[in-house]
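Worksheet: the structure to be examined is printed underneath.
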Amino acid sequence: MTDEGGKLKGLETNAWAYLNITHPICAWATYRGVLVPAENGAHGFVSVWTAGRLHKGDFEWLAIEAELEEVRRRHYPHRVSRLIGMYVFPDLTSAERALSLNVKGFTQEYVSEIYVDGDVGTDAALDSNWITFADKGELPGDWHHRYWTGVPFPDGNPIWEALITNRTYVLGTDIRERAYRIIEKYMPSTLPILEIGRLSAVVGSDLGNIACRLFDDGDYVASQHLLDMRDANNPAFLKRLEELQASGHPVRREAIDVGAEQGTFGTPDLGRMEFRIAKDELLGLGIFSQLTGNGAKFTL
C-alpha cells in the first residue's frame with residue numbers, strides 16, 4: 001500500500017463511511033488517510049463519535065446506548081462495543097439509505113469510499129433502523145437482542161452498518177484534499193505535524209493520530225484527547241520515514257515549510273474538545289459502571 005499525493009494505491013473499496021470533516025479531529029484523521037481504532041477499549045479509550053456525543057451532553061442518546069451496551073456485554077461480548085467501534089456501511093445501498101436518517105454529517109458530500117483492513121464480514125452487519133426508531137417507544141421489548149443478532153428491522157429497507165476495530169484507509173483524494181484545506185484554514189500552524197502524520201501512516205506508524213480516553217476525575221468523568229507521538233524518537237520509525245522521503249514519495253512542501261517559517265510547529269488545540277460530566281448524571285444510566293469486554297474500562 002502506498003500513498004501518492006493523497007490517493008492510496010493497491011487498495012480496493014470494501015465499505016463506505018460518512019466522514020464529517022467539519023469536525024476537526026475527523027478532518028485530521030481523514031487527511032492522514034488512516035482511521036485508527038480506539039485502542040480496543042484499553043484504559044478508557046472511546047471512539048471520536050462517542051466522545052463527541054458526550055461532549056454535547058446528549059443524554060437521550062446515552063440512555064439508549066446504555067441499554068445496548070448492557071445487553072451486548074451480557075449476551076454478545078464478541079460484538080464490538082458501540083462506544084469504541086467505528087461505524088461503516090458494508091454496501092453502498094445502505095450508505096445511501098442512511099441519508100434519510102437526518103444524522104448530522106450524513107450528507108452526500110461526506111460519503112467516502114474506504115478500505116477496512118481484514119474486510120468487514122457479512123456476519124458483522126447490523127440494521128441501524130433499530131437505533132433510529134428506539135426513541136419512538138414502538139419497538140418490541142427484545143429489540144436490543146434483535147439488533148445485536150443482525151435481525152433486519154421489519155420495514156423491509158435495512159440500513160446495514162458494521163462496528164469495527166480494524167484499521168481503515170480513506171481512499172478518496174477529493175475528501176482528503178478538502179480535509180487538508182479545513183485544517184489549513186483553522187489550524188495553519190499544525191500543518192507540519194499533519195503532513196508528518198500522513199507520511200507516518202504510510203510507513204505504518206500512528207504518529208500524529210488523535211485519540212480520546214475517559215478517566216475518573218473525582219465527582220466527574222472527564223475526557224483527554226491525545227496526540228500520538230510515541231514513535232517520535234523511535235530509530236526504526238525514523239529510518240523508515242527517511243527512506244520514504246528518499247524514495248521520492250510525494251511530500252507536501254508547503255505544509256512542511258510552515259514549520260520552517262515558524263521555527264517550530266504547532267499542535268492541535270485539543271483542550272477545547274475536553275469535557276467533564278458529573279457522575280450523578282451517569283449513575284442512573286449505568287453505562288460506565290464496571291464496563292468490561294470491549295467497552296471503556298473504569299468504575300464509577
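What you see is a predicted model; the values in this text were computed from it and never measured.
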field: Heavy-atom donor-acceptor pair, Thr13 side chain to Ala15 backbone, under 3.5 Å
entry: no
- prompt: Run the side chain to side chain contact (heavy atoms under 4.5 Å, CB included) check on Leu54 and Leu62 step by step: do they pass?
  reply: CA-CA 8 Å; Leu54 288 170; Leu62 192 55; 4.0 Å; yes
task: Using atom types as modelled and distance alone, determine if a side-chain donor or acceptor of Arg178 lies under 3.5 Å from a backbone N or O of Glu109.
output: yes
- prompt: Does the distance from a Lys or Arg side-chain N to an Asp or Glu carboxylate O, for Arg240 and Glu243, drop under 4.0 Å?
  reply: no
query: How far apart are the C-alpha atoms of Leu194 and Tyr31, what are their side-chain angles, what is the distance that settles it, and do they pass the side chain to side chain contact (heavy atoms under 4.5 Å, CB included) test?
result: CA-CA 8 Å; Leu194 175 64; Tyr31 181 71; 3.5 Å; yes
message: Once side chain to side chain donor-acceptor pair (under 3.5 Å) is applied, do any residues pair with Thr132, and if so which ones, sequence neighbours excluded?
response: none
query: If we only count heavy atoms from C-beta on, is the Ile25 to Met273 side-chain gap below 4.5 Å?
result: yes
- request: Could you tell me which non-hydrogen atom of Thr149 sits nearest to which non-hydrogen atom of Arg146, and how far apart they are?
  value: OG1-O, 3.3 Å
- prompt: Is the backbone of Gly208 close enough, under 3.5 Å, to the side chain of Trp28 for a donor and an acceptor to pair up by distance?
  reply: yes
task: Decide yes or no on side chain to side chain contact (heavy atoms under 4.5 Å, CB included) for Arg82 and Glu161, but give the supporting numbers first.
output: CA-CA 11 Å; Arg82 290 174 56 85; Glu161 66 181 9; 3.1 Å; yes
field: Over 12 non-hydrogen atoms of neighbours within 6.0 angstrom of CD in Gln245
entry: yes
- line: In short, Ser205 meets Arg32 closest at the heavy-atom pair O-NH2, 3.2 Å
- request: Can you see which heavy atom on Pro24 is nearest to which on Ile183, and at what distance?
  value: O-CD1, 4.0 Å
query: Looking at the rings of Tyr110 and Tyr18, which for Trp means the six-membered one, are their centres under 6.0 Å apart?
result: no
query: So, Arg79 side chain and Trp148 main chain: donor-acceptor pair closer than 3.5 Å or not?
result: yes
Least distance between heavy atoms, Met86 atom then Asn166 atom: CE-O, 3.1 Å
message: Could you check whether any side-chain heavy atom of Arg53 comes within less than 4.5 Å of a side-chain heavy atom of Thr50, counting everything from C-beta outward?
response: no
- prompt: What are the two closest non-hydrogen atoms of Glu274 and His55, and how far apart are they?
  reply: O-NE2, 3.5 Å
message: Asp127: which residues meet the side chain to side chain contact (heavy atoms under 4.5 Å, CB included) condition with it, sequence neighbours left out?
response: Asn129, Trp130, Pro152, Phe153, Pro158, Ile159, Trp160
message: Any salt bridge linking Lys279 with Asp219? Criterion: basic side-chain nitrogen under 4.0 Å from a carboxylate oxygen.
response: no
Residues Asp206, Arg167: salt bridge by 4.0 Å N-O rule: yes
query: Which heavy atom in Arg276 sits nearest to a heavy atom in Asp217, and how many Å separate them?
result: NE-OD2, 3.1 Å
- prompt: In terms of side-chain geometry, is the basic nitrogen of Arg230 or Asp228 positioned less than 4.0 Å from the acidic oxygen of its partner?
  reply: yes
- prompt: Can you tell me if Asp231 uses its side chain to pair, donor with acceptor, with the backbone of Asn234 under 3.5 Å?
  reply: no
